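It should be emphasised that the depicted structure is a prediction, and the values quoted were computed from it without experimental measurement. All residue numbers in this chain count up from 1 along the given sequence. Worth knowing before you read on, the calculation uses all heavy atoms, side chains too, and leaves out hydrogens, waters and symmetry mates.
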Amino acid sequence: MEVSAVGSLWDGVLELTKAAQEKGTDPVVWAMHVSSNLNSEGESLPSVDFADVLISHIFWENNVPIMWKFLEKAFKFKIVPPLLVLALLSVRVIPCRNFQPGAYRLYMELLKRQAFELKYQLKLPNYLKVMKSIDAVLHLSQIFDLSQREPGVLVVEFVFSIVWQLLDASLEDEGLLELTPEKNSRWEIIYGEMDLDRHRDNDVDIKKAEKFERMQNANTVMAIEMIGQFLQDKTCSRLLYLARKNLPMHWLSFVQRLKLLVAHSSVLRNSRTLSPEALLQLTSDTSIISRECKTSSQQKFHKATAFDYLSSSASFCHGSTHSALWIPLDLVLEDAMDGYQVSATSAIEIISSLVKTLRAINGTSWHDTFLGLWLAALRLVQRERDPIEGPMPHLDTRLCMLLCIMPLVVSNLIEEEERIPNDETENGPTDHWKEKIPGKCQNDLVSSLQSLGDYQSLLAPPQSVVAAANQAAAKATLYVSGITMGSAYFECLNMTEMPIDCSGNLHHLLVESCIARNLLDMTAYLWPGYVNGRISQMPQGVPTQVPGWSSFMNGAPLSPLMIHALISNPASSLSELEKIFEIATRGSEEDKISAASILCGASLIRGWNVQEHTVHFIIRLLSPPTPLENTGDNSHLINYAPILNVLVVGIASVDCVQILSLHGLVPQLVCSLMPICEVFGSCVPNGSWTVRSGEEISAHAVFSNAFILLLKLWRFNHPPIEHGVGDVPTVGSQLTPEYLLLVRNSHLVSAGSIHKDQNRKRLSEVAILSSPNSVFVDSFPKLKVWQRHHQACIASPLSGLVNGTPFHQIVDGLLNMMFKKINRGSQASVTSGSSSSSGAANDDTSMRPKLPAWDILKAVPFVVDAVLTACAHGRLSPRELATGLKDLADFLPASLATIVSYFSAEVTRGVWKPVLMNGTDWPSPAANLLNVDGQIRKILAATGVDVPSLAPGGSSPATLPLPLAAFVSLTITYKIDKASERFLNLAGPALESLAAGCPWPCMPIVASLWTQKAKRWSDFLIFSASRTVFLHNKEAVVQLLKSCFSSTLGMNISLISPNGGVGALLGHGFESHFCGGICPVAPGILYLRAYRSIRDIVFVTEEIVSIIMQSMREIVCGGVPRDGLEKLRAAKHGTKYGQLSLAESMTRVKLAASLGASLVWLSGGLMLVQSLIRETLPSWFISVHRTEQDKCDGMVAMLGGYALAYFAVLCGAFAWGVDSSSSASKRRPKILGIHMEFLASALDGKISLGCDSTTWKAYVSGFVSLMVGCTPNWVLELDVEVLKRLSNGLRQMNEEELALALLSVGGVGTMGAAAELIIDN
């Protein structure tokens, strides 16, 4: 009955329509009758069903003018939903437009009137039913394949489909559809049901045909103009922007077709209202929505935070404005120079991610980005022009960063930027629509390198690389002069023989490095001003052949002279390294050792053009393959002992280890050293190997060298308390053997990825070639047992030594060896537990235990405990103690590591009485202690930090805890030479850490003793002592942080750099001898060298937030000229001059936030950043803050909110990246989601805030603006409901357009809400 009633309803209405059509009834009368009938039957208007009935009646038997008038009145009387009618018309009219040009014209007229009135559609009572009907008519779900079927989503798809249908129709009308890849309309699926032949008029005379043709041409013009109107209309263009963001592949296809129309349409070229360029611009403009969706506060924020990137300064001490963009990069580069810490991640990966972050946040061009990279690296080198001596990375590491790491970073960035994504998973879903201009990035690289000529003071080469720079300049001169010479010629060339000045600089070396990596070609030599002129002939008198790489490649043998030449001069090409590597793997035993020495020579230190290959060859040699015929019990590594020892010793220097760290090879180096330690530590030293020099190498020597290098790669001697407070560990605590092996194994896992960059490919390749399987600590049982004993030694006092056991005999044997001269006397002096170490005098050989190194290391803590106890009870003199420990370390150098662990643990326990450093029993620091104290004070003068005063005249006796006194006495027995360097590199940082953990003035006392030992290291030692001040006093840390901010912002007068910026923050290095003696060290350098030992790292974060807010008051109230303060305040009222003043002030705001974010990220890494966003910032907003009341309060509050927003976003971007390429980005959705939930809840009124409301509003709008504009991928990862709540909160703050912008980049989940908000506004 119900179906029958419905059928009779539409039959009756249809009969009424037919009667009115035949009678020519007034359309208004018809509309009134139809509306009355439908209302009387209870049909909801506008009626979806009647729309289908009416359109079906019109097409095509009743396609007459009066019916179109009826249809128009049906719109006016709201009888039918306009959008549904337009959808129904499109599938009927567009495919028949060539046969029914009049209907097509009328359809477009209706489209022009109804399609842009979308707000009315949202208010229809049956809005959802209407959109579902449109979906069914146009097959939107099938075509666009979106899981979300909300009405707002369907509106976007409807508008997109209408425009696309008009585009395809226009292409077909001009015969251009055949040029598309598909060669047909995208909408054939919905046209397929139309019987076109049925509507073809076969009886068309010539006049009618001509009329049709004119109408068709006019329709094509109108259709193209309609496309332009849709793209120009405020509401529809925003809806199309949503399609662009959320339907990237469909949008790409649409734009390709539009470009085809622009390129070939004669109709468009002849249009008077729309040019081809204008139509294309409407789609190529990446800010379709941002053109009009910035609120006043957003505009103020974006204008204020936009830097005018000025690069006119020729000094590396840039002022705050010029250096603001790149301070994070300068800090990261300088931090990588800390020799006390290596990194498990390559500098290439770290810097590449950082550069992408800074470019996204600051919106710089690739030219400015590359220029910022070069300038930061040049500043890094110039800070070490006059280095101080000491066990720390020097110029070689900094040059590696400039001339090798930076070109590799640039190569990675260019490859990623200009690579075409293969699928949607490679780039984010928001990246497909971004247009990339082929070669643009490469061209910007060239222009950035050319611009370096304007920075002559930064390009001056350090003395050690002058010769290399001159050679690079001479090479370019010969090239531009048309003179072709082989590399052998340059090996013999003397610059004095050149007829013109060929003085080179760092610019020439950098260009050579880029050429070597195919980033440039030799046309770079033709750049204006690159060379000083041309020469007409080759210089005379140059020898044709000398020992060097050229003669070696031509077949010369590895004679001693040749070996020396190859060690002293770096290789210039990969082929040269490959030949050396082949000799190292297949040559004679002597040649293998020589080849290994060559690889560890100048090619490693100064072979910048091939350094990445050199380090990989070295790592591969450290993991020799197991031969097929190796069937014995002994490891195959035994046969490689000489070459392994040469390699381990060759890479043991501070600079070499740091260079390997920069290349990301520390995890693989650990993996290569562990089997060496396991095998040689298990060997009984019954034999030895003799090398060409005559030196004998024992298993103990190979083990010790490898073991000490292994331990330098992780903070093995640091107590557990340093592993952090709460759940926020310090950065260095992650460098455990287990973690490093996991990182190394991850390189194997990523080997199959086709999307990884060149750096990851290199790391994967060397990992696979070294060991194709995953490696774990369990694979090395002896090492694992030692590590367990080592950790037990740190955690608790020694126990378990039982008299008479074999292990007890080992301990006694070592004591006998150490104190053989004493034991030859009449009484025993040292005991291990219950026995004494006395006996008959034996020769030295018989006194040395023939034991595996692992067994000796296990006994060393008990040995050291016995001798320390004996010394404490007066049975052993301090001198005898130091001599005995030195004998033990000389017998097995690796035992130094266990001695370090024991002393570190005992000092931490604090059970030993202090001893008097009086010069009789123990060495005395009195000779220069007061001088050292004065120098420390001078270094700290710039920070305003005060240290406890040492009593003048030495009336207060100098004392040290016994373990520390014993350790420093042991270390000063070592000679300062190359042979002892690798041992001091292990003991030195441990001694400093040990002394730093003791009460003041232990560190000055230790520094005084060592400066007496090594006067040339005095500057380094005094600086090291000065930085430990910050480990004892939180107030000193706060003062140092404040000094970093005030110096950078130019708020104080500094001897280092009065203008602020990088120059004031990082200065010129450690020291500079002007004004007599050491000048104050830059506060940034002090912080970078001290923060790793700060235990309460969360405290540092809280202080940085506080200092940022304090800086806002200084910037507003004290950081601008007095005559400009009123104008700055006027910015609140929107005056033009005021906005400019606000922008100047915001430069410092952004600089403060950038510095704060950099310090937080460096200090605690990912965990600390997550703690900041999850806990610290919400707590700050909830807390009540009392501030001084003055006229600046409103401005201070607003700028403070913006500063915190920029600070928070930068912290997150540093830790997680702006995209999803890093492993850390996997943690971003959870932590960011918690923070967004906090913002949304606070905006909902569910959380009470204690901060200033202006600060809160500025923070929310600033954070969301930065996230929407700079990190849109973050928004896609957030919960849709949270985004909607946040959007509602923004609307309550009168941030309508920002709310819309947030929803617009929120993905498909917020697409419907965004569409409805667009239409509603």
Is it true that a side-chain atom of [X] and a backbone atom of [Y] form a donor plus acceptor pair closer than 3.5 Å?
| X | Y | answer |
| --- | --- | --- |
| S353 | E349 | no |
| S481 | T477 | yes |
| R1228 | G1217 | yes |
| S513 | N609 | no |
| S447 | D444 | yes |
| D521 | T523 | yes |
| S411 | P407 | no |
| S1222 | W1216 | yes |
| S603 | L599 | no |
| E576 | S572 | yes |

Just so I know, are the side chains of [X] and [Y] near enough to count as touching, which here means a heavy-atom distance under 4.5 Å?
| X | Y | value |
| --- | --- | --- |
| L510 | L449 | yes |
| E1277 | S1220 | yes |
| T345 | V743 | no |
| I619 | L669 | yes |
| R1089 | Y340 | no |
| V670 | P667 | no |
| V480 | Y530 | no |
| Q341 | D335 | no |

Inset, instruction - Using the side-chain contact (heavy atoms from CB on, under 4.5 Å) rule, take H663 and C404 through it: C-alpha gap first, then chi angles, then the decisive distance, then the call. - result: CA-CA 9 Å; H663 283 278; C404 182; 3.4 Å; yes
Any pair counted as salt bridge (Lys or Arg N to Asp or Glu O under 4.0 Å), so long as it reaches [range], sequence neighbours left out:
| range | result |
| --- | --- |
| residues 599-612 | R517-E612 |
| residues 455-469 | none |
| residues 1208-1224 | K356-D1219 |

Legend entry - Check against side-chain contact (heavy atoms from CB on, under 4.5 Å), V332 and W1161: CA-CA 10 Å; V332 167; W1161 178 47; 3.5 Å; yes
Inset, instruction - Please find out if less than 6.0 Å separates the ring center of Y455 from that of H507. - result: no
Legend entry - Check: F370 ring centroid to W366 ring centroid under 6.0 Å: yes
Inset, instruction - Test I651 against every option in L622, V657, V615 by the side chain to side chain contact (heavy atoms under 4.5 Å, CB included) rule and name the one that passes. - result: L622
Legend entry - Test side chain to side chain contact (heavy atoms under 4.5 Å, CB included) applied to M401 and V381, I659, I351, the passing residue: I351
Among residues at least two apart in sequence or on other chains, which ones pass side chain to side chain donor-acceptor pair (under 3.5 Å) with [X]?
| X | value |
| --- | --- |
| S575 | S573 |
| S451 | none |
| E512 | K475, Y525 |
| N569 | none |

Could you list the residues that satisfy side-chain contact (heavy atoms from CB on, under 4.5 Å) with [X], not counting sequence neighbours?
| X | value |
| --- | --- |
| H394 | E384, P387, M392, D655 |
| A468 | L509, W608 |
| T1271 | I361, V1218, M1267, W1274 |

Legend entry - Cationic N near anionic O, under 4.0 Å, K440 to E417: no
Inset, instruction - Would you name the heavy atoms of A1064 and A1082 that are closest together and state the gap between them? - result: O-CB, 4.0 Å
Inset, instruction - Provide the closest heavy-atom pair for V654 versus G339 in the form atom of the first, atom of the second, distance. - result: CG1-CA, 4.4 Å
Legend entry - Set of ring pair (Phe, Tyr, Trp, His ring centres under 6.0 Å) partners for F1207, sequence neighbours left out: none
Inset, instruction - Please list, chain by chain and in numerical order, all residues satisfying ring pair (Phe, Tyr, Trp, His ring centres under 6.0 Å) with W527, sequence neighbours excluded. - result: none
Inset, instruction - Run the numbers on D330 and R383 for side-chain contact (heavy atoms from CB on, under 4.5 Å), then give the verdict. - result: CA-CA 11 Å; D330 280 276; R383 279 195 287 273; 4.2 Å; yes
Legend entry - L1151 and I327: CA distance, side-chain angles, deciding distance, side-chain contact (heavy atoms from CB on, under 4.5 Å) verdict: CA-CA 8 Å; L1151 181 55; I327 270 190; 3.4 Å; yes
Inset, instruction - Consider only side-chain N and O atoms of T369 and T364, and report whether a donor and an acceptor are under 3.5 Å apart. - result: yes
Legend entry - Side-chain donor-acceptor contact under 3.5 Å, Q758 with E415: yes
